Protein chains: 2
Amino acid sequence: MATLKYSRQRESIKNYLATTKEHPTADTVYLQMKKEFPNISLGTVYRNLNLLTEIGEVIKIPTPNGGDRFDGRIEPHNHFLCTKCGRLLDLELDMKNIEEVNQMAGTNFDGIIQSSSILFYGECGDCIKKS
Amino acid sequence: MATLKYSRQRESIKNYLATTKEHPTADTVYLQMKKEFPNISLGTVYRNLNLLTEIGEVIKIPTPNGGDRFDGRIEPHNHFLCTKCGRLLDLELDMKNIEEVNQMAGTNFDGIIQSSSILFYGECGDCIKKS
DNA sequence: ATCTTTGCAAAGGATTTGCATCACG
DNA sequence: CGTGATGCAAATCCTTTGCAAAGAT
(Lines give C-alpha, C1' and ligand atoms only; values in the text may rest on other atoms or scores of the structure.)
Protein backbone atom coordinates (compact mmCIF):
# COMPACT_ATOMS: atom_id res chain seq x y z
CA MET A 1 0.00 0.00 0.00
CA ALA A 2 1.32 3.42 -0.90
CA THR A 3 2.21 5.85 1.85
CA LEU A 4 -0.45 8.32 2.75
CA LYS A 5 0.42 11.94 2.17
CA TYR A 6 -1.25 14.84 3.90
CA SER A 7 -3.85 16.78 1.99
CA ARG A 8 -5.95 19.68 3.17
CA GLN A 9 -8.93 18.43 1.23
CA ARG A 10 -8.89 15.02 2.86
CA GLU A 11 -8.41 16.56 6.28
CA SER A 12 -11.38 18.80 5.76
CA ILE A 13 -13.62 16.01 4.52
CA LYS A 14 -12.70 13.88 7.49
CA ASN A 15 -13.32 16.73 9.86
CA TYR A 16 -16.66 17.56 8.31
CA LEU A 17 -17.87 13.99 8.59
CA ALA A 18 -16.67 13.73 12.16
CA THR A 19 -18.63 16.78 13.24
CA THR A 20 -21.84 16.69 11.25
CA LYS A 21 -24.79 14.77 12.52
CA GLU A 22 -26.20 14.28 9.09
CA HIS A 23 -25.30 11.34 6.93
CA PRO A 24 -24.34 13.09 3.77
CA THR A 25 -24.12 11.61 0.33
CA ALA A 26 -20.92 12.10 -1.62
CA ASP A 27 -22.58 14.96 -3.41
CA THR A 28 -23.50 16.72 -0.20
CA VAL A 29 -19.92 16.40 0.98
CA TYR A 30 -18.81 17.86 -2.33
CA LEU A 31 -21.12 20.85 -1.99
CA GLN A 32 -19.91 21.42 1.55
CA MET A 33 -16.25 21.21 0.58
CA LYS A 34 -16.81 23.67 -2.21
CA LYS A 35 -17.32 26.40 0.37
CA GLU A 36 -13.78 25.96 1.55
CA PHE A 37 -12.17 24.79 -1.69
CA PRO A 38 -14.10 26.35 -4.55
CA ASN A 39 -12.15 24.34 -7.11
CA ILE A 40 -12.42 20.94 -5.46
CA SER A 41 -13.67 18.25 -7.79
CA LEU A 42 -16.18 15.49 -7.25
CA GLY A 43 -13.51 12.98 -8.16
CA THR A 44 -11.36 14.15 -5.27
CA VAL A 45 -14.28 13.83 -2.89
CA TYR A 46 -14.98 10.29 -4.03
CA ARG A 47 -11.34 9.29 -3.92
CA ASN A 48 -11.02 10.56 -0.39
CA LEU A 49 -14.27 9.08 0.82
CA ASN A 50 -13.19 5.70 -0.45
CA LEU A 51 -9.76 6.09 1.03
CA LEU A 52 -11.13 7.11 4.41
CA THR A 53 -13.55 4.22 4.27
CA GLU A 54 -10.75 1.77 3.52
CA ILE A 55 -8.62 2.92 6.41
CA GLY A 56 -11.64 2.83 8.66
CA GLU A 57 -11.95 6.50 9.49
CA VAL A 58 -15.33 6.74 7.89
CA ILE A 59 -18.24 4.39 7.38
CA LYS A 60 -20.10 3.90 4.15
CA ILE A 61 -23.78 3.18 4.61
CA PRO A 62 -25.55 1.56 1.68
CA THR A 63 -29.21 2.41 1.27
CA PRO A 64 -31.75 0.83 -1.05
CA ASN A 65 -32.36 4.00 -3.03
CA GLY A 66 -30.14 6.85 -4.01
CA GLY A 67 -26.45 7.03 -3.30
CA ASP A 68 -24.50 5.70 -0.37
CA ARG A 69 -24.26 7.80 2.76
CA PHE A 70 -21.12 8.52 4.71
CA ASP A 71 -20.65 8.77 8.43
CA GLY A 72 -17.66 9.96 10.44
CA ARG A 73 -18.85 8.36 13.66
CA ILE A 74 -16.90 5.15 13.65
CA GLU A 75 -18.02 3.74 16.96
CA PRO A 76 -20.40 0.88 16.20
CA HIS A 77 -23.90 2.22 15.89
CA ASN A 78 -26.87 1.72 13.66
CA HIS A 79 -29.22 3.55 11.40
CA PHE A 80 -32.84 4.15 10.73
CA LEU A 81 -34.21 4.96 7.31
CA CYS A 82 -37.59 6.62 7.23
CA THR A 83 -39.58 5.05 4.42
CA LYS A 84 -41.72 8.18 4.17
CA CYS A 85 -39.30 11.10 4.05
CA GLY A 86 -36.09 9.22 3.32
CA ARG A 87 -34.12 10.70 6.19
CA LEU A 88 -31.35 8.59 7.64
CA LEU A 89 -31.02 8.88 11.40
CA ASP A 90 -28.67 7.51 14.01
CA LEU A 91 -30.13 4.88 16.19
CA GLU A 92 -28.51 3.99 19.45
CA LEU A 93 -28.06 0.46 20.61
CA ASP A 94 -25.86 -0.49 23.51
CA MET A 95 -22.48 -1.81 22.55
CA LYS A 96 -23.39 -4.78 24.65
CA ASN A 97 -26.43 -5.45 22.53
CA ILE A 98 -24.56 -5.06 19.30
CA GLU A 99 -21.95 -7.56 20.37
CA GLU A 100 -24.67 -9.88 21.51
CA VAL A 101 -26.24 -9.77 18.08
CA ASN A 102 -22.91 -10.45 16.39
CA GLN A 103 -22.34 -13.35 18.69
CA MET A 104 -25.77 -14.83 18.16
CA ALA A 105 -25.20 -14.67 14.45
CA GLY A 106 -21.81 -16.32 14.70
CA THR A 107 -22.97 -19.47 16.42
CA ASN A 108 -24.22 -21.26 13.32
CA PHE A 109 -21.75 -19.75 10.94
CA ASP A 110 -18.38 -21.02 9.82
CA GLY A 111 -16.84 -17.64 9.01
CA ILE A 112 -15.65 -14.82 11.19
CA ILE A 113 -17.97 -11.93 11.89
CA GLN A 114 -16.02 -8.74 12.30
CA SER A 115 -18.78 -6.21 12.40
CA SER A 116 -22.37 -5.59 11.53
CA SER A 117 -24.58 -2.78 10.56
CA ILE A 118 -28.27 -2.75 11.11
CA LEU A 119 -30.56 -0.69 9.02
CA PHE A 120 -33.96 -0.22 10.59
CA TYR A 121 -36.92 0.78 8.47
CA GLY A 122 -40.06 2.52 9.49
CA GLU A 123 -41.65 5.88 9.97
CA CYS A 124 -39.81 8.60 11.83
CA GLY A 125 -41.29 10.73 14.60
CA ASP A 126 -41.72 13.78 12.40
CA CYS A 127 -43.64 11.91 9.74
CA ILE A 128 -45.94 10.37 12.33
CA LYS A 129 -46.83 13.81 13.69
CA LYS A 130 -47.68 15.04 10.22
CA SER A 131 -50.06 12.18 9.44
CA MET B 1 -52.51 1.64 -7.54
CA ALA B 2 -53.03 0.10 -10.96
CA THR B 3 -54.25 -3.47 -11.23
CA LEU B 4 -51.62 -6.09 -11.65
CA LYS B 5 -51.79 -8.09 -14.81
CA TYR B 6 -50.18 -11.46 -15.31
CA SER B 7 -46.91 -11.65 -17.18
CA ARG B 8 -44.79 -14.70 -17.88
CA GLN B 9 -41.63 -12.69 -17.43
CA ARG B 10 -42.59 -11.51 -13.98
CA GLU B 11 -43.70 -14.96 -12.96
CA SER B 12 -40.41 -16.41 -14.03
CA ILE B 13 -38.35 -13.79 -12.24
CA LYS B 14 -40.30 -14.36 -9.07
CA ASN B 15 -39.89 -18.08 -9.36
CA TYR B 16 -36.18 -17.84 -10.02
CA LEU B 17 -35.62 -15.66 -6.99
CA ALA B 18 -37.73 -17.93 -4.81
CA THR B 19 -35.67 -20.99 -5.68
CA THR B 20 -32.11 -19.77 -6.03
CA LYS B 21 -29.90 -19.57 -3.01
CA GLU B 22 -27.75 -16.91 -4.52
CA HIS B 23 -28.48 -13.27 -4.10
CA PRO B 24 -28.32 -12.16 -7.66
CA THR B 25 -27.86 -8.65 -8.91
CA ALA B 26 -30.36 -7.32 -11.43
CA ASP B 27 -27.90 -8.17 -14.14
CA THR B 28 -27.58 -11.77 -13.04
CA VAL B 29 -31.36 -12.09 -13.07
CA TYR B 30 -31.36 -10.64 -16.55
CA LEU B 31 -28.80 -13.16 -17.80
CA GLN B 32 -30.78 -15.97 -16.23
CA MET B 33 -34.06 -14.83 -17.75
CA LYS B 34 -32.45 -14.59 -21.15
CA LYS B 35 -32.23 -18.36 -21.24
CA GLU B 36 -35.99 -18.58 -21.17
CA PHE B 37 -36.84 -15.32 -22.90
CA PRO B 38 -34.04 -14.52 -25.33
CA ASN B 39 -35.54 -11.13 -26.09
CA ILE B 40 -36.19 -9.97 -22.57
CA SER B 41 -34.78 -6.56 -21.84
CA LEU B 42 -32.94 -5.26 -18.83
CA GLY B 43 -35.63 -2.62 -18.39
CA THR B 44 -38.25 -5.31 -17.94
CA VAL B 45 -36.12 -7.03 -15.35
CA TYR B 46 -35.66 -3.83 -13.40
CA ARG B 47 -39.32 -2.91 -13.65
CA ASN B 48 -40.35 -6.29 -12.33
CA LEU B 49 -37.75 -6.41 -9.60
CA ASN B 50 -38.96 -3.06 -8.34
CA LEU B 51 -42.56 -4.09 -8.61
CA LEU B 52 -41.98 -7.33 -6.74
CA THR B 53 -40.05 -5.42 -4.12
CA GLU B 54 -42.89 -2.95 -3.67
CA ILE B 55 -45.51 -5.62 -3.20
CA GLY B 56 -43.20 -7.42 -0.81
CA GLU B 57 -42.58 -10.60 -2.77
CA VAL B 58 -38.91 -9.91 -3.04
CA ILE B 59 -36.34 -8.14 -0.91
CA LYS B 60 -33.79 -5.66 -2.14
CA ILE B 61 -30.49 -5.80 -0.32
CA PRO B 62 -28.28 -2.75 -0.62
CA THR B 63 -24.56 -3.40 -0.44
CA PRO B 64 -21.71 -0.92 -0.14
CA ASN B 65 -20.22 -1.78 -3.50
CA GLY B 66 -21.68 -2.84 -6.79
CA GLY B 67 -25.37 -3.07 -7.47
CA ASP B 68 -28.16 -4.06 -5.16
CA ARG B 69 -28.91 -7.74 -4.62
CA PHE B 70 -32.32 -9.36 -4.74
CA ASP B 71 -33.68 -12.15 -2.62
CA GLY B 72 -36.87 -14.14 -2.95
CA ARG B 73 -36.83 -15.38 0.60
CA ILE B 74 -39.14 -12.96 2.29
CA GLU B 75 -39.13 -14.36 5.79
CA PRO B 76 -37.06 -11.96 7.90
CA HIS B 77 -33.45 -13.02 7.78
CA ASN B 78 -30.10 -11.40 7.51
CA HIS B 79 -27.00 -11.33 5.40
CA PHE B 80 -23.28 -11.66 5.57
CA LEU B 81 -20.96 -9.95 3.15
CA CYS B 82 -17.48 -11.43 2.90
CA THR B 83 -15.02 -8.57 2.75
CA LYS B 84 -12.51 -10.79 0.96
CA CYS B 85 -14.40 -12.48 -1.85
CA GLY B 86 -17.51 -10.29 -1.93
CA ARG B 87 -19.99 -13.16 -1.64
CA LEU B 88 -23.28 -12.43 0.00
CA LEU B 89 -24.59 -15.25 2.15
CA ASP B 90 -27.70 -15.91 4.16
CA LEU B 91 -27.28 -15.75 7.84
CA GLU B 92 -29.83 -17.24 10.15
CA LEU B 93 -31.06 -15.51 13.24
CA ASP B 94 -34.08 -16.62 15.19
CA MET B 95 -37.19 -14.61 14.53
CA LYS B 96 -37.30 -14.13 18.27
CA ASN B 97 -33.90 -12.53 18.21
CA ILE B 98 -34.72 -10.29 15.32
CA GLU B 99 -37.79 -9.01 17.05
CA GLU B 100 -35.83 -8.52 20.20
CA VAL B 101 -33.36 -6.35 18.33
CA ASN B 102 -36.12 -4.29 16.80
CA GLN B 103 -37.66 -3.82 20.18
CA MET B 104 -34.40 -2.85 21.85
CA ALA B 105 -33.87 -0.26 19.17
CA GLY B 106 -37.35 1.15 19.56
CA THR B 107 -37.09 1.97 23.25
CA ASN B 108 -35.22 5.26 22.84
CA PHE B 109 -36.72 6.22 19.55
CA ASP B 110 -39.77 8.32 18.80
CA GLY B 111 -40.60 6.73 15.44
CA ILE B 112 -42.05 3.36 14.54
CA ILE B 113 -39.71 0.55 13.58
CA GLN B 114 -41.34 -1.73 11.06
CA SER B 115 -38.45 -3.92 10.07
CA SER B 116 -34.72 -4.19 10.03
CA SER B 117 -32.01 -5.73 8.03
CA ILE B 118 -28.64 -6.60 9.39
CA LEU B 119 -25.62 -6.82 7.21
CA PHE B 120 -22.76 -8.64 8.86
CA TYR B 121 -19.23 -8.16 7.63
CA GLY B 122 -16.26 -10.45 7.95
CA GLU B 123 -14.43 -13.29 6.34
CA CYS B 124 -16.37 -16.30 5.11
CA GLY B 125 -15.45 -19.91 5.83
CA ASP B 126 -14.02 -20.53 2.38
CA CYS B 127 -11.71 -17.54 2.49
CA ILE B 128 -10.43 -18.56 5.91
CA LYS B 129 -9.52 -22.00 4.64
CA LYS B 130 -7.58 -20.53 1.76
CA SER B 131 -5.47 -18.23 3.92
C1' DA C 1 -61.82 -2.24 -25.90
C1' DT C 2 -58.96 -0.93 -22.22
C1' DC C 3 -55.22 -0.88 -19.56
C1' DT C 4 -50.74 -3.29 -18.38
C1' DT C 5 -46.45 -5.01 -19.76
C1' DT C 6 -42.88 -5.47 -23.04
C1' DG C 7 -38.59 -4.52 -25.88
C1' DC C 8 -35.80 -1.18 -27.43
C1' DA C 9 -33.07 2.73 -27.10
C1' DA C 10 -32.01 6.83 -25.12
C1' DA C 11 -31.49 9.35 -20.86
C1' DG C 12 -30.11 9.84 -16.14
C1' DG C 13 -27.54 9.54 -11.97
C1' DA C 14 -23.71 7.95 -9.31
C1' DT C 15 -19.04 6.69 -9.25
C1' DT C 16 -14.55 5.79 -11.32
C1' DT C 17 -10.55 6.73 -14.12
C1' DG C 18 -6.70 8.79 -17.30
C1' DC C 19 -3.83 12.43 -17.48
C1' DA C 20 -1.18 16.57 -16.84
C1' DT C 21 -0.17 19.45 -12.99
C1' DC C 22 0.40 20.64 -8.15
C1' DA C 23 1.80 19.76 -3.31
C1' DC C 24 3.93 17.10 0.37
C1' DG C 25 7.93 14.93 2.41
C1' DC D 1 13.44 15.30 -6.75
C1' DG D 2 9.98 11.40 -6.29
C1' DT D 3 5.60 10.03 -5.31
C1' DG D 4 0.91 10.95 -3.88
C1' DA D 5 -3.07 14.02 -4.47
C1' DT D 6 -5.70 17.22 -7.26
C1' DG D 7 -8.80 19.14 -10.92
C1' DC D 8 -10.83 18.35 -15.01
C1' DA D 9 -13.23 15.73 -18.34
C1' DA D 10 -14.36 11.60 -20.33
C1' DA D 11 -15.70 7.02 -19.39
C1' DT D 12 -18.20 3.44 -16.98
C1' DC D 13 -21.60 1.23 -14.40
C1' DC D 14 -26.24 0.84 -12.79
C1' DT D 15 -30.88 2.12 -13.17
C1' DT D 16 -34.83 4.53 -15.00
C1' DT D 17 -37.87 6.24 -18.62
C1' DG D 18 -40.50 7.42 -23.15
C1' DC D 19 -42.64 5.26 -26.68
C1' DA D 20 -44.95 2.23 -29.93
C1' DA D 21 -46.24 -2.57 -30.24
C1' DA D 22 -47.88 -6.83 -27.97
C1' DG D 23 -50.39 -9.14 -24.26
C1' DA D 24 -53.89 -9.77 -20.59
C1' DT D 25 -58.67 -9.39 -18.82
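Letters go in sequence order (proteins before strands), and every chain restarts at 1. Just so we're clear, the structure is a prediction, and the values are computed from it rather than from any experiment.
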Report yes if at least one side-chain N or O of [X] is closer than 4.0 Å to OP1 or OP2 of [N]; otherwise report no.
X: B/Tyr46; N: D/dT15; result: yes
X: A/Arg10; N: D/dA5; result: yes
X: B/Ser7; N: D/dA24; result: no
X: A/Gln9; N: C/dA23; result: no
X: A/Asn39; N: D/dT6; result: no
X: B/Ser41; N: C/dA9; result: no
X: A/Asn48; N: D/dT6; result: yes

Without decimals, in angstroms, what is the distance between [X] [atom1] and [N] [atom2]?
X: A/Glu11; N: D/dA5; atom1: CD; atom2: P; value: 13 Å
X: B/Glu54; N: D/dT16; atom1: CD; atom2: P; value: 10 Å
X: A/Leu4; N: C/dA23; atom1: CG; atom2: C1'; value: 14 Å
X: A/Arg47; N: D/dG7; atom1: CZ; atom2: C1'; value: 8 Å
X: B/Met33; N: C/dT6; atom1: CE; atom2: C1'; value: 15 Å
X: B/Leu51; N: C/dT5; atom1: CG; atom2: C1'; value: 10 Å
X: A/Asp68; N: C/dT16; atom1: CG; atom2: P; value: 9 Å
X: A/Lys34; N: D/dT6; atom1: NZ; atom2: P; value: 16 Å

### Message
Counting distance alone, no hydrogens or angles: does the base of D/dG4 have a donor or acceptor under 3.5 Å from a partner atom on the side chain of A/Arg8?
### Response
no
### Message
Would the base of D/dT3 count as contacting A/Lys5 through its side chain, where contact means a donor and an acceptor less than 3.5 Å apart?
### Response
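Yes, the side chain and the base share a sub-3.5 Å donor-acceptor pair.
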### Task
Answer with base, sugar-phosphate or nothing: what part of the nucleic acid does A/Ile40 contact at a heavy-atom distance below 4.0 Å?
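If one applies the 4.0 Å heavy-atom cut-off, A/Ile40 turns out to touch the sugar-phosphate alone, with no base involved.
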### Task
Check whether more than 12 heavy atoms from other residues, nucleotides or ligands sit under 6.0 Å from atom CD of A/Glu123, and answer yes or no.
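Yes, because the 6.0 Å sphere around CD of A/Glu123 holds more than 12 heavy atoms from other groups.
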### Message
Looking at B/Asp126 and B/Arg87, is any side-chain nitrogen of the basic one under 4.0 Å from a carboxylate oxygen of the acidic one?
### Response
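Here B/Arg87 pairs with B/Asp126 in a salt bridge, since their nearest N and O are under 4.0 Å apart.
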### Query
Less than 4.0 Å between a side-chain N and a carboxylate O, is that true for A/Arg73 and A/Asp90?
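Salt bridge: yes.
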### Query
Under 4.5 Å between any side-chain heavy atoms of A/Tyr121 and A/Leu119, yes or no?
yes
#### Entry: Least distance between heavy atoms, A/Leu89 atom then A/His23 atom
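For A/Leu89 versus A/His23, the nearest heavy atoms are C-CE1, 4.0 Å.
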### Task
With the side chain of A/Asn50 defined as its heavy atoms from C-beta on, choose the nearest nucleotide among C/dT16, C/dG7, C/dT15.
C/dT16
### Task
Can you figure out which of C/dG7, D/dA24, D/dT6 approaches the side chain of B/Tyr6 most closely?
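Comparing C/dG7, D/dA24, D/dT6 against the side chain of B/Tyr6, the answer is D/dA24.
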### Query
Starting at the 5' end of DNA chain C and moving along, which residue's nearest nucleotide shows up first, A/Phe70 or B/Pro38?
B/Pro38
### Task
Using distance alone, with no hydrogens and no angle criterion, decide if B/Gln9 and B/Thr44 have a side-chain donor and acceptor under 3.5 Å apart.
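On atom types as modelled, these side chains do not qualify, holding no pair under 3.5 Å.
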